[in-house]
Amino acid sequence: MEVSATLLLELGAILAALTVLGTIARRFALSPIPLYLAAGLALGEGGLVPLPAAGGFVETSASIGVVLLLLTLGLEFSIGEFASSLRRHLPSAWLDLVLNAAPGAVAGWLIGLDGVGILALAGVTWISSSGVIARLLSDLRRLGNRETPSVLSILVLEDFAMAAYLPLLAVLAAGGTFLQAVFGMAIAIGALAMAFVVSYRWGHHVGRLVAHPDNEQLLLRVLGLTLIVAALAEFIHASAAVGAFLVGLTLTGEAAERARTVLTPLRDLFAAIFFLAIGVSVDPAALLPMLPVAFALAAVTAVTKVITGQFAARRDGVARPGQLRAGTALIARGEFSLVIIGLVGASVEGLEAVATPYVFILAMVGPVLARFAGGRAPARQRP
């Protein structure tokens, strides 16, 4: 088999650069996510250094990265406790929708977008980045904090809502009727609800299915199952992240512990490339024309996300510092917002010019604000 020297060289250079940036971030006790995003902005089309050979690998690895991030996050919790948390946070999800979609809708109306553009920009400002936040909670060692279940509940409920929102938006952007859009929404919601029920009632059988004393076999089984479930979730226009998270929730006990051990190095590698890929997907020139508008919208929706997180954490009885940590953790936007832009951006004039810099601003600023918010908290002990 012929090996591409150019591909190997580009990949080696990328990993070396990420190593340096990660070391710098750790030196100052920061998450490396903003530096990875900035590095991605300097690469690819429109950046300083093109990636003619490694571009395809980076794009594919990014998809695997977000799946691994949510899989390992799900391994931290049980399906029972998380189902209980979801029920408790339905009011938080409604507040999240109202507070964070409304600024995008108003901004879209003010800059003259059509109905589909207004709906799209509302989605861009509403949905937080599961991938960025999952890595951020791990970087800041907050997975065991009391406020973390409320943050994850908001994220998963947002992702569930995407199963209805994305088919609706896709059909309307393609010129379809509202009835066609509602039909697509119903199919996606029904399939996702069925998957959650199956995971809740019969998920314990998954642990027996993937269990094996050999680490290689365990890795192959867990990863293979996760990618299949993630693909099925994407097929019904839900999020691959939700599928991966559900798989993680179904694994408990020794299976979950061993899965975390074998998956963590793989997750860290592909997660770093995922953040790099977000930057690579953005043309730096596209960030400039509507930058002031994007900054204003980012400031407003950063505040509304903090309010959302504080409300959710308060429902779990978390004190004020934890409420602030929950709120700032939710600020980052990322992969889901970029999917919305890619879905309708070319057909709605003016949307990309505002939405792209908006997403990039909060993807970079969110982790920094989360790092300095609320101080340190003792981890919530798990049995």
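This is a predicted model, so every value here is computed, not measured.
Taken from CD1 in I127 to OH in Y165, the straight-line distance is 9.5 Å, to the nearest 0.5 Å. A distance of 6.5 Å separates CG of L137 from CG of L152, quoted to the nearest 0.5 Å. Separation of atoms CD1 (I33) and CZ (F274) is listed at 8.5 Å; rounding is to 0.5 Å. Atom-to-atom distance recorded for L287:CG and Y358:OH is 14.5 Å, nearest 0.5 angstrom. R333 contributes atom CZ, which lies 13.5 Å from atom CD1 of I278 (distance to the nearest 0.5 angstrom).
Residues F275 and V20 share a hydrophobic cluster, clusters being chains of Ile/Leu/Val/Met/Phe/Trp/Tyr side chains in contact below 4.5 Å. Hydrophobic clustering (side-chain heavy atoms under 4.5 Å, transitive across Ile, Leu, Val, Met, Phe, Trp, Tyr) groups L276 together with V368. L219 and F270 fall within a single hydrophobic cluster, where Ile, Leu, Val, Met, Phe, Trp and Tyr side chains are chained together by heavy-atom contacts under 4.5 Å. Under the 4.5 Å side-chain heavy-atom criterion for Ile, Leu, Val, Met, Phe, Trp and Tyr, V359 and V303 are members of distinct hydrophobic clusters. By the criterion of side-chain heavy atoms lying less than 4.5 angstrom apart, applied directly or through intervening Ile, Leu, Val, Met, Phe, Trp or Tyr residues, V67 is not grouped with L220; the two fall into different hydrophobic clusters.
Taking the side chain as every heavy atom from C-beta outward, L69 and S130 never approach each other to under 4.5 Å. By the 4.5 Å heavy-atom criterion applied to side chains, P32 and R135 are counted as neighbours. At a threshold of 4.5 Å between non-hydrogen side-chain atoms, the residues I273 and Y36 do not count as touching. Contact annotation: the side chain of R142 approaches that of E147 to within less than 4.5 Å [non-hydrogen atoms, C-beta and beyond]. Considering only heavy atoms from C-beta on, S128 stays 4.5 Å or farther from I154 through its side chain. Looking at S150 and V318, their side chains never come closer than 4.5 Å, going by heavy atoms from C-beta outward. At least one side-chain heavy atom of L338 sits under 4.5 Å from a side-chain heavy atom of I341. Side-chain atoms of V247 and L75, non-hydrogen and from C-beta on, never get closer than 4.5 Å to each other.
Looking only at distances, a side-chain donor or acceptor of T328 sits under 3.5 Å from a matching main-chain atom of R325. Between the side chain of R315 and the backbone N or O of H89, no donor-acceptor pair lies under 3.5 Å. Judged by distance alone, the side chain of R221 and the main-chain N or O of A211 form a donor-acceptor pair under 3.5 Å. Under the 3.5 Å distance criterion, the side-chain polar atoms of T264 are left unmatched by any main-chain donor or acceptor of T261. Q217 places no side-chain N or O within 3.5 Å of a backbone atom of H212 that could act as its donor or acceptor partner. The closest donor-acceptor contact from the side chain of S337 to the backbone of V124 lies under 3.5 Å. Checked by atom type and distance alone, the side chain of R146 never pairs as donor or acceptor with a backbone atom of G322 at under 3.5 Å. Judged by distance alone, the side chain of S138 and the main-chain N or O of A134 form no donor-acceptor pair under 3.5 Å.
When all heavy atoms of I133 and A332 are compared, the pair lying nearest together is CD1-O, 4.2 Å. The shortest heavy-atom contact between V66 and G131 is CG2-CA, 4.0 Å. Contact between P367 and V132 at its shortest, heavy atoms only, is CG-CG1, 4.2 Å. Residue L37 comes nearest to A363 through the heavy atom pair CD1-O, 3.3 Å, listed as atom of the first residue, atom of the second, then distance.
A salt bridge links D139 with R26: the distance from a Lys NZ or Arg NE/NH1/NH2 to an Asp or Glu carboxylate oxygen falls below 4.0 Å.
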Under 3.5 Å, which donor-acceptor pairs link side chains of residues 56-63 to any protein atom two or more places apart or in another chain?
residue, atom, partner, partner atom, Å
T60, OG1, G56, O, 3.1
S61, OG, F57, O, 2.8

Show the atom names and distances, to 0.1 Å, of all donor-acceptor pairs under 3.5 Å that link a side chain in residues 97-105 to residues at least two apart or in another chain.
residue, atom, partner, partner atom, Å
N100, OD1, T304, OG1, 2.6
N100, OD1, K305, N, 3.3
N100, ND2, D96, O, 2.9
N100, ND2, D96, OD1, 2.8
N100, ND2, T308, OG1, 3.1

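For R267, the side chain to side chain donor-acceptor pair (under 3.5 Å) criterion is met by no residue, not counting sequence neighbours.
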